[in-house]
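Let me begin by presenting the structure, written as structure tokens, before commenting on it.
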Amino acid sequence: MPQLDFSIVGFYGTNGALGCLSPDETEIKRLVLPDRNEKHDLGSEDSGLEKQASEESMINPGEVQERLGFGLRSMYRSVLEEPLPADMMALLDQLDESEGSGRSDRDSGTSSSE
Amino acid sequence: MKAKDPAEATGIQEHHRVSETAKLSTADFKLQLTDTIPHLRAFGRSLSGNPDLADDLVQDTLLKAWGARDRFVAGTSMKAWTFVILRNTYFSNMRRKKFTANYDETVAERVLSAPAPQQEPLHLADLQRALMEISDDQREAVILVGAGGYSYEEAAEIAGCAIGTMKSRVSRARQTLEGILADGRFTDASIGHDKSTSTALENIIDAVTELAP
């Protein structure tokens, strides 16, 4: 079993969300990776593309399974590697602080009653 | 779909009977909860297909987990406990139509690098869209086992189903996804996706599993 490369060829926005390519980059990517939908529209005019389509339809099941497993793990891992959103940390801090102040209020109430 | 109590799903109630004192301090609870946030985001995003919805879901989960922290027992899995809260929240919201799963169009051009140089790269958008084509149960199953690396047993506990059911869901999800990705057979189901989940076959498998010794 070969070692899989889990690196992601992707783009991250400044806020940690997934971003988009610039129009130029998009064009380059499409030239390298023809869109599946476009492929069907090209039909038999281009024998090279027809041959490519025929080869793709003969992908062996093990290969598809490997790609699927790899894709799922990569998708999941890419989110794990994103920086934590500040608002989630702030939420936990807020909950912790309100808990702390509630506790100290209760503590002071107990001591005053005693 | 069963909405299982997180405590029940992670064996917390049983532990609770054994030891009333096995509780985390607030600081330790916060630390462990913080550590699970990336996993919650990954699970939520894979499940809902949308980063914003997923982050809302994670925030709801954090609030609920914090509110129920007295029920969490030290030594049990914080990740599994919070995953149950997240998936219950997600399916509850789905039922109430608070939101619908949808794939994120902003990732349309993103590419997951190929496992081997000779293989065609996989578009993240294709994978996410394909995930939205399958039922909620199957999507959850294949995310937990295929993406998150959970064992069938752990995934079954989180999803509140029998192990056999989980295996069946993963298997059918893989078959369907492979078919979609191989042929590029996408339908409008991936947009505004809302599918019922448990099938008659799964109910039968559940019943048989429960009867089995």
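Convention: sequence-line order gives letters A, B, ...; per-chain numbering from 1.
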(message) Could you measure the distance from the CG atom of Leu95(A) to the OG1 atom of Thr26(B)? Nearest 0.5 Å is fine.
(response) 11.0 Å
(message) Minimum heavy-atom separation for Gln59(B) and Leu91(A), please, with both atom names.
(response) O-CD2, 3.9 Å
(request) May I ask you to test the Leu84(A)-Pro38(B) pair for a side-chain heavy-atom distance under 4.5 Å? (result) yes
(message) How long is the straight-line distance from OG1 of Thr34(B) back to CG of Leu92(A), given to the nearest 0.5 Å?
(response) 5.0 Å
(request) Specify the closest pair of heavy atoms between Leu68(A) and Arg174(B), including all atoms of both residues, with the distance to one decimal. (result) CD2-O, 3.8 Å
(request) Working to the nearest 0.5 Å, report the span between CE of Met75(A) and CD of Gln128(B). (result) 6.0 Å
(message) I'd like to know whether Trp66(B) forms a side chain to side chain contact (heavy atoms under 4.5 Å, CB included) with Asp96(A), so could you lay out the CA-CA distance, the side-chain angles of the two residues, the decisive distance to 0.1 Å, and finally the verdict.
(response) CA-CA 9 Å; Trp66(B) 191 272; Asp96(A) 196 14; 4.1 Å; yes
(request) Check whether any side-chain heavy atom of Tyr76(A) lies under 4.5 Å from a side-chain heavy atom of His39(B), and answer yes or no. (result) yes
(request) Between chain A and each of Gly148(B), Gly67(B), Ala147(B), Ser46(B), count heavy-atom pairs under 4.5 Å; write down the option with the most. (result) Ala147(B)
(message) Holding to salt bridge (Lys or Arg N to Asp or Glu O under 4.0 Å), I want the full list of residues that pass it with Asp93(A), two or more places apart in sequence or in another chain.
(response) Lys30(B)
(request) Under 4.5 Å, counting heavy-atom pairs only, tell me which of Val142(B), Leu33(B), Leu63(B) racks up the most with chain A. (result) Leu63(B)
(request) Can you see which heavy atom on Gly146(B) is nearest to which on Leu72(A), and at what distance? (result) O-CB, 4.1 Å
(message) Going by side-chain contact (heavy atoms from CB on, under 4.5 Å), name the residues that satisfy it together with Pro85(A), two or more places apart in sequence or in a different chain.
(response) Asp87(A), Met88(A), Arg41(B), Asp55(B)
(message) Any non-hydrogen side-chain atom of Arg45(B) less than 4.5 Å from a side-chain atom of Glu82(A)?
(response) yes
(message) So, taking the atom named CG in Asp126(B) and the one named CZ in Arg67(A), what distance separates them when rounded to the nearest 0.5 Å?
(response) 8.5 Å
